Amino acid sequence: MMILRPLLLSAPLFLAACNLPIFQADPAPTGLPAARIAEEPAGMVEQADGAVQSGQLGSTLATLGAATEAGLWLKTPLVTKRQPGEVYSAQTGKRLAVDLIPIEGPATGGSRLSLQAMQQLGLSLTSLAEVDVSA
């Protein structure tokens, strides 16, 4: 009985320690929050001057982006601010909703597509893939 007493007395301390941030798992990274998607109408892009544009943004040659960055995204000079969008591969006939992330460079410059997006579009990870980008 003497051995159990210290264990029983320390049990509340152990349980309280479970609420410390070091013992809690980080939430899994997700794409765009649902509330953000609902706030921005599909196919609408807000330009730097405040005007709203919809439709095709252009075509770009995309290579594999950083494989360690999870999610469905396209880093491209075709946009000036982060926004939801869509890419289409004529090569595979597949279309995919992605997060469009701006990068510096001319609009004719290349883009980087996430590993997950390339896989879902059915594209070779070692190729230059032409994709049509719309918002």
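Values in this document were obtained by computation on a predicted structure and should not be read as measured data. Counting begins at 1 with the first residue of the sequence.
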Using a 4.5 Å cut-off on heavy atoms from C-beta on, say whether the side chain of [Y] contacts that of [X].
X    : Y    : answer
L115 : L64  : yes
E86  : V133 : no
L100 : L57  : yes
V79  : I103 : no
D99  : L72  : no
V87  : D132 : no
T76  : I101 : no
T80  : P102 : no

For T108, side-chain contact (heavy atoms from CB on, under 4.5 Å) partners two or more places apart
P106
Those residues at least two apart in sequence (or on a different chain) that pass side-chain contact (heavy atoms from CB on, under 4.5 Å) with A66 are T68, E69
When you look at V131 and L96, which way does the side-chain contact (heavy atoms from CB on, under 4.5 Å) test go after all the steps?
CA-CA 10 Å; V131 293; L96 183 65; over 6 Å; no
Using 0.5 Å steps for rounding, measure from the [atom1] atom of [X] to the [atom2] atom of [Y].
X    : Y    : atom1 : atom2 : answer
L78  : S111 : CG    : OG    : 5.5 Å
L121 : S114 : CG    : OG    : 8.5 Å
L113 : Q120 : CG    : CD    : 10.5 Å
M118 : R112 : CE    : CZ    : 13.0 Å

